[in-house]
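Keep in mind that what you see is a predicted model, and the values were worked out from it rather than measured. Letters A, B, ... are given to chains in the order of the sequence lines, protein chains preceding strands, and every chain is numbered from 1.
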Protein chains: 2
Amino acid sequence: MKYIEKLRNSGLRPTKQRLQICEVLFDTEKTFHFTINDLAKKIENQLNNKISLATIYNTVHAFEKKGYVKQIPINSSQTYFDTNISDHHHFYDLNERRLIDLENSDVGPIKILKKINGKKVKSIEVLVKIED
Amino acid sequence: MKYIEKLRNSGLRPTKQRLQICEVLFDTEKTFHFTINDLAKKIENQLNNKISLATIYNTVHAFEKKGYVKQIPINSSQTYFDTNISDHHHFYDLNERRLIDLENSDVGPIKILKKINGKKVKSIEVLVKIED
DNA sequence: CACTTTTTTAGAACCATTATAAAGTACATT
DNA sequence: AATGTACTTTATAATGGTTCTAAAAAAGTG
Ligand SMILES: [Mn+2]
Ligand SMILES: [Mn+2]
Ligand SMILES: [Zn+2]
Ligand SMILES: [Zn+2]
């Protein structure tokens with residue numbers, strides 16, 4: 001298993017559940033956006049196995065803290081996560097309620113001219129709302 | 001009352017509650033960011049009057065639909081609104097959990113090079129996360 | 001005023017998320 | 001391999017922001 005080392009190096013024990021969640025999240029051609037519920041369904045379908053919702057929450061939050069997934073700032077009743085952890089931005093399709101990646105190279109350089117005293121910039125994220 | 005016309009023109013009856021919420025939201029020197037709970041407290045303090053939480057939700061949503069307040073896309077357990085309805089952006093202070101306005105003029109022009117077929121851009125919002 | 005429509009309200013319901021605490025697992029030490 | 005300890009999983013309960021409900025109140029119309 002290729003994720004055992006990754007988990008151990010993060011101080012997370014490589015449990016069966018964590019390894020399975022790694023497979024679903026990271027063993028894919030393309031990155032994707034998901035809610036906890038999306039992920040739970042994906043796990044049920046892809047693996048013949050149930051993982052409790054509590055564990056899915058715990059694991060996704062642990063992975064987020066380690067930087068293996070990112071939260072996407074958006075107004076929704078559910079929290080959206082992203083397996084694409086590169087600096088990048090998003091379209092949000094208001095009609096289809098769907099996120100679409102917008103690579104950094106698809107957005108001209110963003111210059112923040114204002115500085116806040118004693119604060120460092122942690123991230124800059126652009127959300128482009130689109131509709132029909 | 002200067003808000004009676006504004007409400008009537010929007011097809012909203014100028015009730016006592018709506019007029020009071022208008023006062024709290026719009027009778028200020030500066031615009032501000034708020035959650036529904038913030039607003040409820042502000043109403044209790046500023047006016048000697050209680051407005052039911054349901055009415056506050058209803059009114060803020062009605063005002064949002066009319067474009068008198070905006071929702072700010074951010075990950076939080078509560079929804080944040082803004083009385084500044086101009087096109088502008090935000091700093092989000094991760095330590096103090098506070099929003100700070102970033103006027104359009106403080107951000108260089110943003111060029112979105114990617115297009116989505118058949119979709120129009122409704123808004124472009126930048127969130128700059130900052131920390132100590 | 002009489003009538004209709006909209007609004008307010010207290011309280012219930014909803015539901016994503018977090019907390020709890022008991023049983024199970026990983027792993028270092030013997 | 002057995003033991004001990006810390007970590008993890010799990011079912012379930014609790015939390016809390018938001019939405020729904022339905023009855024009373026207020027606004028608008030003529
Ligand atoms: Mn949330
Ligand atoms: Mn919300
Ligand atoms: Zn993305
Ligand atoms: Zn603002």
Protein-nucleotide distance (A:Ile51, atom CD1; D:dT10, atom P), rounded to Å: 7 Å
Give a yes/no answer on whether the side chain of A:Thr79 brings an N or O atom under 4.0 Å of OP1 or OP2 in C:dT17. yes
What pairs with A:Lys129 under salt bridge (charged side-chain N to carboxylate O under 4.0 Å, His left out), at least two apart in sequence or on another chain? B:Glu125
Is the cationic atom of A:Lys42 (NZ for Lys, CZ for Arg) positioned less than 6.0 Å from the six-membered ring centroid of A:Phe32 and within 45 degrees of its normal? yes
A:Gln17 side-chain proximity, nearest of D:dT10, C:dT7, C:dT18: D:dT10
For A:Asn58, report the nucleic acid contact type (base, sugar-phosphate, nothing); a contact means any heavy atom under 4.0 Å. base
Whole-Å distance, A:Tyr80 OH to C:dA16 P, equals 11 Å
Remember a base hit wins even if backbone is also touched, and classify B:Thr15 as base, sugar-phosphate or nothing at under 4.0 Å, heavy atoms. sugar-phosphate
If you only use heavy atoms from C-beta on, which nucleotide in C:dA10, D:dT18, C:dA16 is closest to the side chain of B:Gln78? D:dT18
Tell me whether A:Leu47 shares a hydrophobic cluster with A:Leu19, the cluster being built from Ile, Leu, Val, Met, Phe, Trp, Tyr side chains joined at under 4.5 Å. yes
Regarding A:Lys119 and B:Glu96, does a basic nitrogen lie under 4.0 Å from an acidic carboxylate oxygen? yes
Rounding to an integer number of Å, can you tell me how far B:Leu39 CG sits from D:dT18 C1'? 15 Å
Find the distance B:Ile56:CD1 to C:dT7:C1' and express it as a whole number of Å. 14 Å
I want to verify a distance call: between C:dT8, D:dT19, D:dG28, whose nearest atom is closest to the B:Tyr57 side chain? D:dT19
Common cluster, A:Phe34/A:Tyr92, ILVMFWY with side-chain heavy-atom separation under 4.5 Å: no
For the helix from C:dC1-D:dG30 to C:dT30-D:dA1, measure the angle between the helix axis at one end and the axis at the other, each built from five pairs, rounding to 10°. 30°
If you draw the axis of the six-membered ring of A:Tyr68, does the NZ or CZ of A:Lys6 fall within 45° of it and under 6.0 Å from the ring centre? yes
Going by modelled atom types, is there a donor-acceptor pair between the base of D:dT8 and the side chain of A:Arg18 at under 3.5 Å? no
State plainly whether one hydrophobic cluster holds both A:Ile56 and A:Tyr3, where clusters connect Ile, Leu, Val, Met, Phe, Trp and Tyr through side-chain heavy atoms under 4.5 angstrom apart. yes
Measure NZ/B:Lys65 against P/C:dT6 and give the value in whole Å, please. 14 Å
